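Here's the structure we're looking at; comments come further down.
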Amino acid sequence: MRHVDHGVVAVADAGRIEARLAALHAALARALETHRPDIVAVEEVFHARNARSAIVLGQARGVALLAAAQAGVRVRSFAPAVIKQAVTGTGRAEKDQVGRMVCILLGITVRERTDATDALAAAICGVLRADEREDASGQPRSADARAALRRLARGAR
């Protein structure tokens, strides 16, 4: 596994939601066209500060899923605890711990917001669990994330 690129899509905090979602879609579509990934890993929305935040996060996640589907890319969705466990070895890791491990595993320094390291953590999880079988709902079946992390540390896939 190697780091190719990362970034944070900056969408205006104000304005009509449909315009902000369209801007998000355009940025994601450009990134998918540029990098042509084999898989897209997304974090499941499990909670938010309030109901409105949960709805907006769900809409943004839907846009990401749509962009990936339009690009013909396989999508895998992971719970936050699964992503944390894949990267740090524990599903209860704090954001700063996840960020530090992402930088160590990829050999990079990330100065952007934690959104960048969160996305990179999801990508690492997606790579580590890409070959894992999915159940009928498309969700990954359980796997030994620690063994996958050990293979990553040795430089194997």
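For the single chain, residues carry numbers from 1 onward in sequence order. All values below come from the heavy atoms of this structure, side chains included, with hydrogens, waters and symmetry mates left out. All figures in this text were calculated on a predicted structure; none of them were measured in a lab.
Distance check: His35 NE2 to Glu33 CD gives 11.0 Å after rounding to the nearest 0.5 Å. With values rounded to the nearest 0.5 angstrom, Leu24 atom CG is found 11.0 Å from Gln59 atom CD. Taking OG1 of Thr117 as the reference point, atom NZ of Lys95 lies at 7.0 Å (rounded to 0.5 Å).
Checking side-chain atoms of Arg74 against main-chain N and O of Ala130 turns up a donor-acceptor pair under 3.5 Å. Within the 3.5 Å criterion, the main-chain N or O of Ile39 finds no donor-acceptor partner in the side chain of Arg76. Lys84 contributes no side-chain N or O that, together with a main-chain N or O of Thr90, makes up a donor-acceptor pair within less than 3.5 Å.
The heavy-atom pair separating Val98 from Ala121 by the smallest distance is CG1-CB, 3.7 Å. In terms of heavy-atom proximity, Ala86 sits nearest to Leu128 at O-CD1, 3.6 Å. Contact between Gly126 and Ala41 at its shortest, heavy atoms only, is CA-CB, 3.9 Å.
Considering only heavy atoms from C-beta on, Asp38 stays 4.5 Å or farther from Val73 through its side chain. You'll find the side chain of Val102 reaches within 4.5 Å of the side chain of Val87, heavy atoms only. Side-chain contact between Leu65 and Val42 is present, with at least one heavy-atom pair separated by less than 4.5 Å. Between Phe78 and Glu44 the shortest side-chain heavy-atom distance does not fall below 4.5 Å. Using a 4.5 Å heavy-atom cutoff, the side chains of Leu106 and Ile124 are in contact.
Each of Val63 and Val40 belongs to its own hydrophobic cluster when Ile, Leu, Val, Met, Phe, Trp and Tyr are linked at side-chain heavy-atom distances under 4.5 angstrom. Residues Leu21 and Leu66 do not share a hydrophobic cluster, defined by chaining ILVMFWY side chains whose heavy atoms lie under 4.5 Å apart. Leu28 and Leu120 are assigned to two separate hydrophobic clusters, defined by single-linkage of ILVMFWY side chains at heavy-atom distances under 4.5 Å.
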Throw together a table of side-chain donor-acceptor distances under 3.5 angstrom for residues 8-19, partners on residues two or more places apart or in other chains.
unit_1 : atom_1 : unit_2 : atom_2 : d
Arg16  : NE     : Glu18  : OE2    : 2.6
Arg16  : NH2    : Glu18  : OE2    : 2.4

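Annotation: side chain to side chain donor-acceptor pair (under 3.5 Å) contacts of His25 (sequence neighbours excluded): Gln70.
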Just do the side-chain contact (heavy atoms from CB on, under 4.5 Å) check on Cys125 and Val82 with the steps written out, would you? CA-CA 8 Å; Cys125 181; Val82 172; 4.0 Å; yes
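For the residue pair Arg61/Ser77, the side-chain donor-acceptor check at 3.5 Å is satisfied.
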